[in-house]
2 protein chains.
Amino acid sequence: MSTDTLQPLPMATSIEEMQACCPDILGEAISEDEAIVAARVFKALGDPTRLRLLSMIAASEGQEACVCDLIEPVGLAQPTVSHHLKVLLEAGLVARERRGSWAYYRLRPEAVTAITRALGA
Amino acid sequence: MSTDTLQPLPMATSIEEMQACCPDILGEAISEDEAIVAARVFKALGDPTRLRLLSMIAASEGQEACVCDLIEPVGLAQPTVSHHLKVLLEAGLVARERRGSWAYYRLRPEAVTAITRALGA
DNA sequence: ATCCCGCATCGACTGTTGTCAATATCGACG
DNA sequence: CGTCGATATTGACAACAGTCGATGCGGGAT
(Lines give C-alpha, C1' and ligand atoms only; values in the text may rest on other atoms or scores of the structure.)
Protein backbone atom coordinates (compact mmCIF):
# COMPACT_ATOMS: atom_id res chain seq x y z
CA MET A 1 0.00 0.00 0.00
CA SER A 2 1.45 3.32 -0.99
CA THR A 3 1.73 6.14 1.46
CA ASP A 4 -0.73 8.05 -0.67
CA THR A 5 -3.52 5.79 0.45
CA LEU A 6 -2.76 6.62 4.04
CA GLN A 7 -3.62 10.26 3.68
CA PRO A 8 -4.99 10.63 0.20
CA LEU A 9 -7.98 12.70 1.14
CA PRO A 10 -7.12 16.32 1.85
CA MET A 11 -10.46 16.32 3.65
CA ALA A 12 -12.82 18.23 1.40
CA THR A 13 -13.56 21.63 2.85
CA SER A 14 -17.07 22.84 3.55
CA ILE A 15 -16.74 25.30 0.71
CA GLU A 16 -15.95 22.56 -1.76
CA GLU A 17 -18.93 20.53 -0.63
CA MET A 18 -21.09 23.62 -0.91
CA GLN A 19 -19.90 24.32 -4.45
CA ALA A 20 -20.75 20.75 -5.37
CA CYS A 21 -24.21 20.69 -3.89
CA CYS A 22 -25.77 24.10 -3.29
CA PRO A 23 -25.65 26.28 -6.37
CA ASP A 24 -28.41 28.60 -5.22
CA ILE A 25 -29.72 28.57 -1.68
CA LEU A 26 -32.34 31.21 -2.34
CA GLY A 27 -33.37 29.93 -5.77
CA GLU A 28 -35.09 26.76 -4.68
CA ALA A 29 -35.74 24.95 -1.41
CA ILE A 30 -32.56 23.17 -0.39
CA SER A 31 -32.41 19.76 1.29
CA GLU A 32 -31.48 19.10 4.88
CA ASP A 33 -28.05 17.80 3.91
CA GLU A 34 -27.36 20.76 1.68
CA ALA A 35 -28.35 23.05 4.53
CA ILE A 36 -25.91 21.33 6.87
CA VAL A 37 -23.06 21.77 4.41
CA ALA A 38 -23.78 25.42 3.68
CA ALA A 39 -24.41 26.24 7.35
CA ARG A 40 -20.89 25.09 8.22
CA VAL A 41 -19.46 27.80 5.99
CA PHE A 42 -21.61 30.55 7.43
CA LYS A 43 -20.99 29.31 10.96
CA ALA A 44 -17.27 29.73 10.35
CA LEU A 45 -17.98 33.37 9.48
CA GLY A 46 -20.32 33.78 12.44
CA ASP A 47 -17.69 34.66 15.01
CA PRO A 48 -16.23 38.15 15.47
CA THR A 49 -12.71 36.88 16.06
CA ARG A 50 -12.75 34.76 12.91
CA LEU A 51 -14.13 37.65 10.86
CA ARG A 52 -11.35 39.87 12.13
CA LEU A 53 -8.73 37.24 11.35
CA LEU A 54 -10.12 36.80 7.86
CA SER A 55 -10.26 40.55 7.37
CA MET A 56 -6.70 41.00 8.59
CA ILE A 57 -5.44 38.21 6.34
CA ALA A 58 -7.28 39.67 3.36
CA ALA A 59 -5.90 43.12 4.09
CA SER A 60 -2.31 41.88 4.33
CA GLU A 61 0.00 42.06 1.34
CA GLY A 62 -0.39 39.00 -0.82
CA GLN A 63 -3.57 38.34 1.13
CA GLU A 64 -1.60 36.16 3.52
CA ALA A 65 -0.29 36.40 7.08
CA CYS A 66 1.50 34.16 9.55
CA VAL A 67 0.05 33.33 12.95
CA CYS A 68 2.65 35.39 14.79
CA ASP A 69 1.45 38.52 13.01
CA LEU A 70 -2.16 37.90 13.97
CA ILE A 71 -1.87 37.15 17.69
CA GLU A 72 -1.05 40.61 18.92
CA PRO A 73 -3.62 42.61 16.91
CA VAL A 74 -6.43 40.19 17.69
CA GLY A 75 -5.59 40.29 21.40
CA LEU A 76 -6.18 36.63 22.23
CA ALA A 77 -4.00 33.73 23.33
CA GLN A 78 -2.02 31.86 20.67
CA PRO A 79 -3.94 28.57 21.02
CA THR A 80 -7.19 30.46 20.56
CA VAL A 81 -5.92 32.07 17.38
CA SER A 82 -4.72 28.71 16.07
CA HIS A 83 -8.11 27.24 16.86
CA HIS A 84 -9.99 29.90 14.91
CA LEU A 85 -7.62 29.60 11.96
CA LYS A 86 -8.24 25.88 11.92
CA VAL A 87 -11.99 26.50 11.73
CA LEU A 88 -11.47 28.87 8.81
CA LEU A 89 -9.17 26.32 7.19
CA GLU A 90 -11.62 23.44 7.47
CA ALA A 91 -14.35 25.67 6.15
CA GLY A 92 -12.19 26.29 3.09
CA LEU A 93 -12.05 30.03 3.55
CA VAL A 94 -8.27 30.09 3.93
CA ALA A 95 -5.34 27.90 2.89
CA ARG A 96 -2.31 27.09 5.00
CA GLU A 97 1.29 26.88 3.90
CA ARG A 98 4.27 26.18 6.11
CA ARG A 99 7.40 28.16 5.36
CA GLY A 100 10.20 27.37 7.77
CA SER A 101 8.86 27.56 11.27
CA TRP A 102 6.01 29.80 10.30
CA ALA A 103 2.53 28.94 9.10
CA TYR A 104 1.12 31.32 6.54
CA TYR A 105 -2.62 31.58 6.08
CA ARG A 106 -3.90 32.88 2.78
CA LEU A 107 -7.37 33.98 1.74
CA ARG A 108 -9.08 31.77 -0.83
CA PRO A 109 -10.96 34.11 -3.18
CA GLU A 110 -12.78 31.14 -4.75
CA ALA A 111 -14.41 30.57 -1.39
CA VAL A 112 -15.77 34.10 -1.31
CA THR A 113 -17.16 33.83 -4.82
CA ALA A 114 -18.70 30.47 -3.94
CA ILE A 115 -20.56 32.10 -1.07
CA THR A 116 -21.86 34.99 -3.11
CA ARG A 117 -22.88 32.59 -5.83
CA ALA A 118 -24.77 30.45 -3.33
CA LEU A 119 -26.60 33.59 -2.27
CA GLY A 120 -27.66 34.18 -5.84
CA ALA A 121 -25.47 37.18 -6.58
CA MET B 1 -44.93 62.28 25.56
CA SER B 2 -46.35 60.67 22.49
CA THR B 3 -46.77 56.95 22.27
CA ASP B 4 -44.20 57.00 19.51
CA THR B 5 -41.48 57.70 22.00
CA LEU B 6 -42.38 54.59 23.89
CA GLN B 7 -41.50 52.27 21.04
CA PRO B 8 -40.10 54.49 18.32
CA LEU B 9 -37.11 52.33 17.56
CA PRO B 10 -37.96 49.27 15.46
CA MET B 11 -34.70 47.92 16.87
CA ALA B 12 -32.18 48.25 14.07
CA THR B 13 -31.42 44.86 12.58
CA SER B 14 -27.93 43.48 12.33
CA ILE B 15 -28.06 43.92 8.59
CA GLU B 16 -28.80 47.61 8.92
CA GLU B 17 -25.93 48.07 11.32
CA MET B 18 -23.68 46.17 8.96
CA GLN B 19 -24.69 48.33 6.02
CA ALA B 20 -23.86 51.39 8.05
CA CYS B 21 -20.47 50.27 9.27
CA CYS B 22 -18.89 47.48 7.22
CA PRO B 23 -18.77 48.30 3.53
CA ASP B 24 -16.04 45.81 2.77
CA ILE B 25 -14.90 43.19 5.23
CA LEU B 26 -12.19 41.83 2.97
CA GLY B 27 -11.03 45.19 1.66
CA GLU B 28 -9.43 46.48 4.83
CA ALA B 29 -8.99 45.26 8.39
CA ILE B 30 -12.25 45.81 10.22
CA SER B 31 -12.57 46.86 13.85
CA GLU B 32 -13.69 44.67 16.71
CA ASP B 33 -17.08 46.37 16.85
CA GLU B 34 -17.61 46.02 13.12
CA ALA B 35 -16.72 42.34 13.40
CA ILE B 36 -19.31 41.84 16.13
CA VAL B 37 -22.02 43.42 14.01
CA ALA B 38 -21.19 41.47 10.87
CA ALA B 39 -20.73 38.20 12.76
CA ARG B 40 -24.31 38.42 14.01
CA VAL B 41 -25.56 38.26 10.44
CA PHE B 42 -23.43 35.30 9.47
CA LYS B 43 -24.26 33.54 12.72
CA ALA B 44 -27.93 33.81 11.81
CA LEU B 45 -27.10 31.98 8.58
CA GLY B 46 -24.90 29.47 10.38
CA ASP B 47 -27.64 27.04 11.33
CA PRO B 48 -29.04 24.37 8.98
CA THR B 49 -32.61 24.88 10.13
CA ARG B 50 -32.47 28.63 9.57
CA LEU B 51 -30.90 28.16 6.15
CA ARG B 52 -33.68 25.78 5.20
CA LEU B 53 -36.33 28.18 6.49
CA LEU B 54 -34.79 31.02 4.54
CA SER B 55 -34.54 28.86 1.45
CA MET B 56 -38.14 27.73 1.75
CA ILE B 57 -39.34 31.29 2.25
CA ALA B 58 -37.34 32.48 -0.75
CA ALA B 59 -38.67 29.64 -2.88
CA SER B 60 -42.29 30.39 -1.99
CA GLU B 61 -44.45 32.50 -4.24
CA GLY B 62 -44.02 36.15 -3.43
CA GLN B 63 -40.96 35.08 -1.46
CA GLU B 64 -43.09 34.83 1.66
CA ALA B 65 -44.57 32.07 3.80
CA CYS B 66 -46.55 31.76 7.02
CA VAL B 67 -45.27 29.78 9.99
CA CYS B 68 -47.89 27.08 9.56
CA ASP B 69 -46.54 26.27 6.11
CA LEU B 70 -42.98 25.90 7.42
CA ILE B 71 -43.48 23.68 10.45
CA GLU B 72 -44.24 20.43 8.67
CA PRO B 73 -41.53 20.54 5.98
CA VAL B 74 -38.85 21.54 8.45
CA GLY B 75 -39.87 18.76 10.82
CA LEU B 76 -39.42 20.59 14.11
CA ALA B 77 -41.74 21.76 16.87
CA GLN B 78 -43.61 25.00 16.34
CA PRO B 79 -41.82 26.91 19.14
CA THR B 80 -38.50 25.94 17.61
CA VAL B 81 -39.55 27.25 14.21
CA SER B 82 -40.77 30.49 15.76
CA HIS B 83 -37.46 30.81 17.57
CA HIS B 84 -35.43 30.47 14.38
CA LEU B 85 -37.65 32.88 12.49
CA LYS B 86 -37.11 35.41 15.26
CA VAL B 87 -33.36 35.06 14.86
CA LEU B 88 -33.68 35.64 11.11
CA LEU B 89 -35.97 38.59 11.80
CA GLU B 90 -33.59 40.28 14.23
CA ALA B 91 -30.74 39.69 11.82
CA GLY B 92 -32.73 41.60 9.22
CA LEU B 93 -32.82 38.72 6.76
CA VAL B 94 -36.61 38.47 6.78
CA ALA B 95 -39.54 40.78 7.54
CA ARG B 96 -42.70 39.81 9.40
CA GLU B 97 -46.25 40.84 8.64
CA ARG B 98 -49.35 39.76 10.50
CA ARG B 99 -52.40 39.03 8.38
CA GLY B 100 -55.32 37.84 10.45
CA SER B 101 -54.17 35.03 12.67
CA TRP B 102 -51.21 34.24 10.49
CA ALA B 103 -47.69 35.64 10.53
CA TYR B 104 -46.08 35.91 7.12
CA TYR B 105 -42.32 36.01 6.83
CA ARG B 106 -40.84 37.55 3.71
CA LEU B 107 -37.30 37.50 2.39
CA ARG B 108 -35.50 40.86 2.39
CA PRO B 109 -33.47 40.98 -0.83
CA GLU B 110 -31.63 44.09 0.39
CA ALA B 111 -30.18 41.96 3.16
CA VAL B 112 -28.73 39.50 0.68
CA THR B 113 -27.19 42.25 -1.41
CA ALA B 114 -25.77 43.84 1.73
CA ILE B 115 -24.02 40.58 2.56
CA THR B 116 -22.55 40.11 -0.90
CA ARG B 117 -21.43 43.73 -0.90
CA ALA B 118 -19.73 43.26 2.47
CA LEU B 119 -17.87 40.34 0.95
CA GLY B 120 -16.62 42.55 -1.82
CA ALA B 121 -18.71 41.11 -4.65
C1' DA C 1 -68.88 35.89 25.75
C1' DT C 2 -66.57 31.78 24.57
C1' DC C 3 -64.01 28.62 22.10
C1' DC C 4 -60.52 27.58 18.85
C1' DC C 5 -56.57 28.25 16.11
C1' DG C 6 -52.06 30.27 14.95
C1' DC C 7 -48.17 32.13 16.87
C1' DA C 8 -44.99 33.88 20.61
C1' DT C 9 -42.82 33.40 25.02
C1' DC C 10 -41.03 30.89 29.09
C1' DG C 11 -38.43 27.40 31.57
C1' DA C 12 -35.59 23.63 31.47
C1' DC C 13 -32.35 20.53 29.53
C1' DT C 14 -28.57 19.18 26.57
C1' DG C 15 -24.98 19.74 23.30
C1' DT C 16 -21.87 22.91 21.37
C1' DT C 17 -18.50 26.69 21.36
C1' DG C 18 -14.95 30.16 22.75
C1' DT C 19 -11.31 30.64 25.77
C1' DC C 20 -7.06 29.68 28.23
C1' DA C 21 -3.08 27.08 30.56
C1' DA C 22 -0.39 23.24 29.89
C1' DT C 23 1.72 20.22 26.86
C1' DA C 24 3.11 18.20 22.52
C1' DT C 25 5.02 18.65 17.79
C1' DC C 26 7.87 20.22 14.35
C1' DG C 27 11.46 22.65 12.02
C1' DA C 28 15.69 25.45 12.21
C1' DC C 29 20.05 26.35 13.95
C1' DG C 30 24.05 25.71 16.64
C1' DC D 1 21.71 15.86 19.02
C1' DG D 2 19.97 19.26 21.89
C1' DT D 3 17.87 23.57 22.35
C1' DC D 4 14.85 27.13 21.02
C1' DG D 5 11.02 29.36 18.73
C1' DA D 6 6.61 28.99 16.28
C1' DT D 7 2.30 26.26 15.97
C1' DA D 8 -0.78 22.73 17.02
C1' DT D 9 -3.24 19.79 20.23
C1' DT D 10 -5.33 18.55 24.68
C1' DG D 11 -8.17 19.21 28.73
C1' DA D 12 -11.06 21.93 31.41
C1' DC D 13 -14.44 25.29 32.19
C1' DA D 14 -17.92 28.85 31.52
C1' DA D 15 -21.11 30.72 28.33
C1' DC D 16 -24.13 30.13 24.71
C1' DA D 17 -27.44 27.92 21.42
C1' DG D 18 -30.95 24.51 19.77
C1' DT D 19 -34.75 21.93 21.15
C1' DC D 20 -39.11 20.83 23.30
C1' DG D 21 -43.33 20.90 26.44
C1' DA D 22 -46.17 24.00 28.72
C1' DT D 23 -48.21 28.24 28.78
C1' DG D 24 -49.67 32.92 27.28
C1' DC D 25 -51.74 35.99 23.83
C1' DG D 26 -54.70 37.74 20.18
C1' DG D 27 -57.79 37.48 16.45
C1' DG D 28 -61.91 35.04 14.14
C1' DA D 29 -65.88 32.47 14.21
C1' DT D 30 -69.83 30.41 16.46
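Chain naming here is simple, since letters A, B, ... match the order of the sequence lines and numbering starts at 1 in each. Excluded from the calculations below are hydrogen atoms, water molecules and symmetry mates; all remaining heavy atoms, backbone and side chain alike, are included.
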Quiz item: What pairs with Gln63(A) under side chain to side chain donor-acceptor pair (under 3.5 Å), at least two apart in sequence or on another chain?
Solution: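 Listed in chain order: nothing, the list is empty.
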Quiz item: Glu64(A): what forms a side chain to side chain donor-acceptor pair (under 3.5 Å) with it, not counting sequence neighbours?
Solution: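 Listed in chain order: Arg99(A).
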Quiz prompt | Note, Leu51(B) side chain near Phe42(A) side chain (heavy atom, < 4.5 Å) | solution =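 Leu51(B) reaches Phe42(A) side chain to side chain.
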Quiz item: Which pairs with one or both residues in residues 112-121 of chain A pass side-chain hydrogen bond (donor to acceptor under 3.5 Å, both in side chains), sequence neighbours excluded?
Solution: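 For residues 112-121 of chain A, and leaving out neighbouring residues, there are no side-chain hydrogen bond (donor to acceptor under 3.5 Å, both in side chains) pairs at all.
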Quiz item: How would you list, by chain and number, every residue that makes a side-chain contact (heavy atoms from CB on, under 4.5 Å) with Ala91(A), sequence neighbours excluded?
Solution: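 By the side-chain contact (heavy atoms from CB on, under 4.5 Å) rule, Ala91(A) matches Ala44(A), Leu93(A).
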Exercise. Tell me, please, which residues at least two apart from Ala20(A) pass side-chain contact (heavy atoms from CB on, under 4.5 Å).
Key: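 Testing Ala20(A) for side-chain contact (heavy atoms from CB on, under 4.5 Å), a comparison that skips the adjacent residues, returns none.
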Quiz prompt | Those residues of residues 51-62 of chain A lying under 4.0 Å from DNA chain D by at least one heavy atom | solution =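 None, since no heavy atom is under 4.0 Å.
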Quiz item: salt bridge (charged side-chain N to carboxylate O under 4.0 Å, His left out) with Glu28(A): which residues, sequence neighbours excluded?
Solution: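 Once residues adjacent in sequence are excluded, Glu28(A) has no partner under the salt bridge (charged side-chain N to carboxylate O under 4.0 Å, His left out) criterion.
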Exercise. Applying salt bridge (charged side-chain N to carboxylate O under 4.0 Å, His left out), name anything that partners Glu34(A), two or more places apart in sequence or on another chain.
Key: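 So Glu34(A) forms no salt bridge (charged side-chain N to carboxylate O under 4.0 Å, His left out) with any residue.
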Exercise. Classify every nucleotide of nucleotides 1-9 of chain C by which part a protein heavy atom approaches to under 4.0 Å, writing B for the base, S for the sugar-phosphate alone and - for neither, in 5'-to-3' order.
Key: -----SBBB
Practice problem: Check every strand shown and say whether Arg99(A) touches a base, only sugar-phosphate, or nothing at a heavy-atom separation below 4.0 Å. | Solution: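 Arg99(A): no heavy atom of the nucleic acid under 4.0 Å.
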Quiz item: Transitive ILVMFWY cluster of Trp102(B) at side-chain heavy atoms under 4.5 Å: who else is in it?
Solution: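 Once heavy-atom contacts under 4.5 Å are chained together, Trp102(B) belongs with Tyr104(B).
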Donor-acceptor list for residues 69-85 of chain B side chains, cut-off 3.5 Å, not counting sequence neighbours:
from	atom 1	to	atom 2	distance (Å)
Gln78(B)	NE2	Ser82(B)	OG	3.3
His84(B)	ND1	Arg50(B)	NH1	3.1

Self-check item: Interatomic distance, Asp47(B) CG vs dG15(C) C1' [rounded to whole Å]
Solution: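 Answer to the nearest Å: 13 Å.
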Exercise. Considering only heavy atoms of chain A and a distance under 4.0 Å, specify the first and last nucleotide of DNA chain D in 5' to 3' order that meet this criterion.
Key: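 Endpoints of the contacted stretch of DNA chain D: dA6(D) to dT9(D).
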